[in-house]
Chemist: 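I have a structure I would like to understand better, so I am pasting it below and will then ask my questions one at a time.
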Amino acid sequence: MGAKARVAWVFVLAAAAGLAGETLLFAERHCSRLEAALREDFRVVLFLSSSPRSEEGRLKILEEKLRAQPEVLEVRFISADEALAVLKRNDPELAESVALVGDNPLPAAFEVRPAPEALTHLGFWLDGARRLADWSDMRYKSAQLHALLRLRFYAHLLRTALSALLCLISGLALALLATASRAPAAGRTRALTAWAGLGGACGMAFAVLIALPLRRDELLWAWPPLSAQAALLAFCACLGWSLSLWRAES
């Protein structure tokens with residue numbers, strides 16, 4: 001194989017690695033960003049079986065018990081009047097129908113924001129909260145919970161894939177370094193390393209161009225960490241250096 005052909009396939013291989021790695025970085029970052037947004041908005045609403053308007057002491061005690069529960073970040077009491085005001089603001093027609101009943105029929109409730117680690121076993125957490133009071137109902141958005149748990153899994157999967165990719169390249173470089181019986185020419189090593197770094201940068205830049213339209217969605221868009229991008233670029237260059245060792249043996 002000629003020198004130009006060798007440089008060309010090293011460049012293309014590194015560009016493919018850069019494209020794949022940067023795509024995984026963007027996908028992982030966006031999954032994490034969207035999962036965090038859904039998690040921040042997730043609430044469990046615990047409806048009281050009655051609306052004790054005059055029993056502020058009992059409500060304060062119940063609120064403190066909820067705050068003392070493990071894996072609870074925030075607790076907010078919603079009175080029946082506040083619930084009706086929110087209903088009037090969000091759905092005036094339904095609020096008018098409720099007003100025909102006479103007195104406010106909406107129950108008071110506690111709005112609880114669970115900790116992130118509680119979401120994977122929310123059923124057990126609800127069992128613990130159920131023993132604190134006689135709740136008429138306990139509600140949360142199940143579709144939102146399933147979505148953020150899937151996004152958390154996908155982000156973890158992508159991080160694992162990235163780690164495996166980097167470990168694979170590192171292992172390849174170490175294996176070739178350990179088995180090389182003679183060193184390649186310094187000029188060729190530098191050339192292949194530089195071309196591999198350039199190829200990786202081109203692949204990463206192409207992935208960024210593909211992802212740029214997502215910038216219009218502020219909820220989803222997030223740049224991968226610069227440290228991760230620098231590590232990916234370094235590993236692309238390391239790929240070229242490893243291949244120069246392999247070519248020296250062949």
Side-chain angles (χ1 to χ4, degrees), residues 27-95 97-163 217 219-220 222:
E28 185 277 330
R29 190 65 171 171
H30 291 173
C31 285
S32 298
R33 178 71 177 269
L34 186 55
E35 186 262 333
L38 291 176
R39 187 179 68 242
E40 185 69 23
D41 183 63
F42 184 79
R43 298 292 188 275
V44 176
V45 183
L46 310 175
F47 292 94
L48 292 164
S49 56
S50 59
S51 299
R53 300 172 185 269
S54 61
E55 298 184 26
E56 290 189 15
R58 189 169 74 87
L59 290 174
K60 286 293 184 183
I61 293 173
L62 183 54
E63 183 175 349
E64 290 304 318
K65 287 183 178 179
L66 284 171
R67 292 185 187 277
Q69 287 289 297
E71 301 175 329
V72 170
L73 295 181
E74 183 182 334
V75 177
R76 186 171 76 92
F77 175 69
I78 303 174
S79 66
D81 293 337
E82 183 181 354
L84 183 59
V86 172
L87 183 62
K88 288 180 179 179
R89 183 170 63 251
N90 296 336
D91 196 338
E93 294 183 0
L94 182 57
S97 301
V98 170
L100 296 176
V101 177
D103 293 335
N104 184 0
L106 299 179
F110 284 98
E111 187 181 77
V112 180
R113 183 160 72 96
E117 56 270 17
L119 301 179
T120 55
H121 51 271
L122 190 62
F124 292 102
W125 184 90
L126 290 175
D127 289 339
R130 190 172 285 114
R131 292 190 288 267
L132 297 178
D134 182 21
W135 309 108
S136 63
D137 200 1
M138 308 174 79
R139 293 191 180 183
Y140 61 90
K141 297 178 181 178
S142 58
Q144 182 179 359
L145 176 63
H146 293 158
L148 70 89
L149 289 179
R150 283 184 172 87
L151 286 167
R152 182 182 296 180
F153 168 76
Y154 294 146
H156 177 73
L157 180 64
L158 290 167
R159 284 192 293 270
T160 303
L162 276 168
S163 299
D217 189 346
L219 178 64
L220 182 63

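Side-chain atoms are counted along with the backbone in the values below, which use heavy atoms only and exclude waters and symmetry mates. All values reported here derive from a predicted model rather than from experimental measurement. We number each residue from 1, following the sequence as shown.
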Chemist: Between atom CG of Leu132 and atom CD of Glu64, what is the distance when rounded to the nearest 0.5 Å?
Modeler: 12.5 Å
Chemist: Roughly how far, to the nearest 0.5 Å, is CZ of Arg159 from OH of Tyr154?
Modeler: 14.5 Å
Chemist: Decide yes or no for Ile78 and Phe47: does some side-chain heavy atom of the first lie under 4.5 Å from some side-chain heavy atom of the second?
Modeler: no
Chemist: Hey, could you give me the CD/CD distance between Glu82 and Glu111, rounded to the nearest 0.5 Å?
Modeler: 8.5 Å
Chemist: Where is the tightest heavy-atom contact between Met138 and Ala129, given as atom of each residue plus distance?
Modeler: CE-CB, 4.0 Å
Chemist: When you compare the side chain of Leu34 with that of Leu148, does any pair of heavy atoms fall below 4.5 Å?
Modeler: no
Chemist: Could you check whether any side-chain N or O of Trp135 sits under 3.5 Å from a backbone N or O of Ala109, counting only pairs where one atom can act as donor and the other as acceptor?
Modeler: no
Chemist: CZ/Arg150 to CG/Leu157 distance, rounded to the nearest 0.5 angstrom?
Modeler: 14.0 Å
Chemist: Quick one, Tyr140 and Val45 - any side-chain contact, counting heavy atoms below 4.5 Å?
Modeler: no
Chemist: Report yes if some heavy atom in the side chain of Pro114 is under 4.5 Å from a heavy atom in the side chain of Leu119; otherwise report no.
Modeler: yes
Chemist: I need the minimum non-hydrogen distance between Glu117 and Thr120, along with the two atoms involved.
Modeler: O-OG1, 3.3 Å
Chemist: For Leu38 versus Ala147, what's the shortest heavy-atom pair and its separation?
Modeler: CD1-CB, 4.1 Å
Chemist: Do Val44 and Leu122 come within less than 4.5 Å of each other through their side chains, counting heavy atoms only?
Modeler: yes
Chemist: Indicate yes or no: does Arg58 engage Glu63 in a salt bridge with an N to O separation below 4.0 Å.
Modeler: no
Chemist: Between Trp125 and Val112, is there a side-chain heavy-atom distance shorter than 4.5 Å?
Modeler: yes
Chemist: Taking all heavy atoms of Ser136 and all of Leu48, pick out the closest pair and write down the distance.
Modeler: OG-O, 3.3 Å
Chemist: Charged N to carboxylate O under 4.0 angstrom, Arg113 versus Glu40?
Modeler: yes
Chemist: I want to check something: taking the side chain as every heavy atom from C-beta on, are His121 and Glu71 in contact at a cut-off of under 4.5 Å?
Modeler: yes
Chemist: Could you tell me how the ring of Phe77 sits relative to the ring of Phe110: parallel (under 30°), tilted (30 to 60°) or perpendicular (over 60°)?
Modeler: tilted
Chemist: When rounded to the nearest 0.5 angstrom, what distance separates CZ in Arg39 from CG in Leu73?
Modeler: 9.0 Å
Chemist: Just verifying a value: how many Å separate His30 NE2 and Glu35 CD, rounded to the nearest 0.5 Å?
Modeler: 14.5 Å
Chemist: Got His156 and Cys31 here, is their nearest side-chain heavy-atom distance under 4.5 Å?
Modeler: no
Chemist: What do the steps show when you test Leu46 against Asp137 for side chain to side chain contact (heavy atoms under 4.5 Å, CB included), and what is the final call?
Modeler: CA-CA 6 Å; Leu46 310 175; Asp137 200 1; over 6 Å; no
Chemist: Looking only at atom types and distance, does a side-chain atom of Arg67 sit under 3.5 Å from a main-chain N or O of Val75, one as donor and one as acceptor?
Modeler: yes
